[in-house]
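Quick notes on the structure that follows.
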Amino acid sequence: MTDAHGHAGAHAHAEPQGFIWKYVFSVDHKVIGIQYLVTSLVFLLIGFSMMLLMRWQLAIPTPPDDFDPEKLSLIRSFLNWLFPESMPYGFMDPVFYNQLGAMHGTIMVFLGIVPLGVAAFGNYVMPLQIGAPDMAFPRLNMASYWTFLVGGIVLLASFLAPGGAPQSGWTSYAPLSVVAPAGQTYWLIGMVIIITSSLFGAINFIVTMLNMRAKGLTMGRLPVFCWAQLVTAVLLLLAFPVLEAGAILQLLDRVAGTSFYIPKDLIYGSTVFPRAGGGNPILWQHLFWFLAHPEVYVLLLPPMGIIAEIIATNTRKPLFGYRELVGSMLLIGVLSFIVWAHHMFLSGMRTSLASLFVTTTLTISVPAVAILTCLLMSLRGASIRFNTPMLFALAFLPMFAIGGLTGLPLGFAPTDLHLHDTYYVIGHFHYVVAPGSLIALLGGTYYWYPKMFGRRMSEKLGKIHFWMTVIPMNFVFFPMLIQGMYGMQRRLAVPVEQSHNLPVQGWSLIIGIAAATLFVGQIPFIINFFWSLRSGEAAGENPWNATTLEWACPSPPPHGNFATEPEVFRGPYEYSVPGHKTDYWPQDEAA
Amino acid sequence: MSTIAETNTGISHAKLGTWAFLASEIMLFGGLISAYVILRSGSAHLAVPPRSMMGVPLATFNTFALITSSVTMVLALAAIQEGNIAKFQRWILCTIGGGLIFLCVKAYEYHHKWEEGITISSNLFGSFYYTLTGLHVIHVTGGLFLMAYILWAGTRGDFTPDSHDRVECAGLYWHFVDLVWVILFPILYLL
Ligand code: HEM
Ligand SMILES: [Cu+2]
């Protein structure tokens with residue numbers, strides 16, 4: 001914080017020369033944004049591949065009657081060759097299943113969606129939208145990326161640890177996480193590093209947005225995307241340190257012989273675990289969820305901001321209820337700190353306490369619904385442009401709605417007792433983060449790609465990608481809601497061992513096929529991403545005829561972004577203003 | 001190349017950033033202290049050692065040393081606001097001295113307690129004691145490096161009566177570290 005660039009205006013650093021300084025150790029928010037974009041997309045692909053292996057196992061969990069180890073199918077012999085110990089004959093060892101599950105969750109949340117929504121798009125777009133030449137602390141920004149990368153590598157390296165990767169779930173519940181093999185220590189250290197990175201980022205975002213807005217850009221004229229980033233940054237700033245505290249305690253429990261989460265006389269492996277004891281495993285759950293509930297809004301708010309931008313641009317109409325949207329986001333930000341224990345109704349809490357958290361949880365769904373309503377109402381009477389980003393935005397709305405609505409039965413303690421830790425919960429939150437957030441982030445990629453690289457992505461490939469993503473996704477996640485209501489528990493490598501799961505096992509085969517299709521469906525996207533870099537249609541400054549400031553500088557913007565400091569004269573979504581010569585009125589256009 | 005001459009809030013980036021950083025620090029220590037309070041009131045096995053074993057007089061002295069170093073930090077800031085570099089250097093040195101005394105006493109205390117059988121794994125109280133004060137010690141150590149840097153920058157002539165943001169930010173941090181101790185001292189030694 002106290003670097004030599006202490007003062008505003010000291011950021012007019014010269015453009016660096018040489019490949020390394022320009023593209024690798026760059027302090028330019030745009031380069032860092034693209035570094036985050038590429039890195040998090042790669043992590044998403046890694047996390048997805050892990051899940052494909054798991055879905056393979058769930059699709060056919062046990063050898064069929066006519067199984068012959070001598071005549072393995074192509075897939076089975078490949079898996080047998082790839083993981084001879086953990087997937088003999090292509091059937092997964094439950095310990096390996098747990099490792100992949102824990103790593104999938106951790107990677108998707110902390111190394112995939114959050115860095116994509118917050119760090120990639122936030123870094124690239126937010127300074128442009130506020131008309132700033134860069135972030136407030138460019139070097140801290142670079143440090144944030146490299147810390148993030150190191151944290152990610154530490155997490156992945158846990159596969160090489162004795163005993164393999166962490167296997168206690170992304171929630172790392174004590175006391176099992178304390179007695180787990182060394183991989184869990186990697187997880188804890190990796191998390192502390194990632195928390196540090198996110199702290200750097202959050203400070204930077206907050207200061208930049210509060211301090212560096214262009215002349216005339218009052219908070220009331222700030223695009224919704226920036227508001228979403230601001231609320232998110234505050235959540236990261238205040239919630240993550242609490243998980244850090246929890247992680248420090250768990251780390252000490254593992255390496256220093258403390259017993260913060262170890263009860264007195266814990267029996268482990270049929271002997272008493274040699275510890276002073278007296279700690280409480282539930283304490284971990286509180287510290288974890290104090291972060292992890294706000295974290296779900298960290299996963300959600302930036303995508304919502306993206307959706308708002310895409311919808312405003314492509315309906316050619318002002319957003320419905322700008323103030324209500326922003327107000328709801330602020331309210332969500334506050335309320336998200338007092339709902340965390342709805343994840344813990346089964347931990348034996350008093351019913352009076354449970355009622356309190358039921359109440360706060362139902363309260364927070366009000367602003368969430370308000371946001372959705374504003375976005376839906378924005379479509380009313382619009383002549384919509386159905387380009388690829390807009391398709392993703394339109395798909396987001398109903399699928400996020402499913403995600404939100406399925407949360408309500410979980411928020412009521414009595415119904416949650418049945419649904420807790422079943423596939424219903426998995427279905428619920430995936431509807432919010434995959435068909436929800438991830439869809440929005442893909443839409444955002446199509447929307448801002450022309451700004452980042454100066455060329456549009458192919459609409460044709462984009463539309464193929466869209467349908468091959470949205471349809472399989474629903475076949476992946478909707479059946480989980482059904483399986484969960486039948487009582488199928490999550491985190492089981494062989495669910496058919498319990499007879500009550502047999503009636504819904506058939507869905508697992510369908511999910512497996514859909515997941516594989518989804519994987520194939522990402523190929524058009526990858527091709528499109530690289531092909532369009534050189535061969536896409538040239539975009540120009542403002543390919544979508546949009547109003548916000550990021551479209552008022554060249555694509556891609558040069559070092560320092562704006563040739564002259566922009567000045568803002570109006571709100572962010574002045575579309576189809578009667579009497580104006582075009583159907584959009586950029587924020588920086590003098591009247 | 002554009003520059004933004006003034007900030008929207010009228011507060012410098014550095015100072016706003018420092019406040020944000022301290023907010024997150026409050027949550028970090030807040031999380032740990034809450035864990036301590038919860039287990040202290042909720043666990044049947046958190047045996048608090050008798051006050052005589054905790055060495056209250058020495059810790060009181062240490063509290064005094066740290067508070068004094070906060071005062072000298074204020075004086076250092078006042079000195080730079082007058083543009084008096086010599087005085088600034090003197091007060092920063094005193095601040096560093098206060099921090100060093102604190103660390104030395106802490107090292108002695110750790111050694112002594114360990115000998116007495118209060119170790120990080122001996123029981124829950126010991127675990128919390130070393131964790132909370134250990135994290136605080138890390139913060140004090142970081143603060144001392146910060147002070148050394150401020151001293152060096154001031155000596156180099158970086159600060160003037162109307163431009164000394166870094167001194168103020170370092171001061172905010174140092175007062176925060178002091179404040180944490182003022183909370184830790186009673187809850188670990190006295191109550
Ligand atoms: C509209 C309001 C929402 C309500 C009422 C709600 C309610 C709940 C409840 C009560 C649980 C715990 C279920 C259990 O473990 O038994 C849960 C789990 C979860 N929710 Fe939501 N939720 C809502 C929105 C969201 C959003 C917006 C996200 C993410 C962006 C999200 C992500 C998650 C995640 C990740 C979990 C599972 C955590 C785990 O156990 O691994 N939820 N939700
Ligand atoms: Cu929650």
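All chains are named by letter (A, B, ...) in the order of the sequence lines, taking the proteins before the strands, and each is independently numbered beginning at 1.
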Closest non-hydrogen atom pair between A/Phe260 and B/Leu39, with its separation: O-CD1, 3.7 Å

Inter-residue atom distance B/Asn8.CG - A/Met209.CE, 0.5 Å rounding: 12.0 Å

When rounded to the nearest 0.5 angstrom, what distance separates CZ in B/Phe128 from OG1 in A/Thr258? 9.0 Å

Which heavy atom of A/Leu210 sits nearest to which heavy atom of B/Leu16, and what is that distance? CB-CD2, 3.9 Å

Just list the side-chain donor-acceptor pairs under 3.5 Å for residues 118-127 of chain B, sequence neighbours left out, or say none.
residue: B/Thr119; atom: OG1; partner: B/Ser121; partner atom: N; Å: 3.3
residue: B/Thr119; atom: OG1; partner: B/Ser122; partner atom: N; Å: 3.0
residue: B/Ser122; atom: OG; partner: B/Thr119; partner atom: N; Å: 3.1
residue: B/Ser122; atom: OG; partner: B/Thr119; partner atom: O; Å: 3.0
residue: B/Asn123; atom: OD1; partner: B/Phe125; partner atom: N; Å: 2.9
residue: B/Asn123; atom: OD1; partner: B/Gly126; partner atom: N; Å: 3.0
residue: B/Asn123; atom: ND2; partner: B/Ala47; partner atom: O; Å: 3.1
residue: B/Ser127; atom: OG; partner: B/Ile120; partner atom: O; Å: 2.6
residue: B/Ser127; atom: OG; partner: B/Asn123; partner atom: O; Å: 3.2

Could you state the interatomic distance from OH (B/Tyr36) to CG (A/Leu283), rounded to the nearest 0.5 Å? 14.0 Å

Applying a criterion of heavy atom separation less than 4.5 Å, what residues of residues 67-91 of chain B form contacts with chain A? none

If you tally heavy-atom pairs under 4.5 Å against chain B, which of A/His286, A/Arg275, A/Lys215, A/Lys264 wins? A/Lys264

Residues 20-33 of chain B, side-chain donor-acceptor partners within the protein, below 3.5 Å, at least two apart:
residue: B/Ser24; atom: OG; partner: B/Phe21; partner atom: O; Å: 3.0
residue: B/Glu25; atom: OE1; partner: B/His139; partner atom: NE2; Å: 2.3

ring-ring contact (aromatic ring centres under 6.0 Å, His included) partners for B/His45, two or more places apart: none

Output the distance between atom CE (A/Met212) and atom OG1 (B/Thr9), rounded to the nearest 0.5 Å. 11.5 Å

Spacing of CD1 belonging to B/Ile38 relative to CG belonging to A/Leu287, to within rounding of 0.5 Å: 7.0 Å

Taking every heavy-atom pair that is under 4.5 Å apart, which of A/Leu237, A/Val242, A/Leu236, A/Thr208 has the most such pairs with chain B? A/Leu237

More than 12 non-hydrogen atoms from neighbouring residues, nucleotides or ligands closer than 6.0 Å to CZ on A/Arg350, yes or no? no

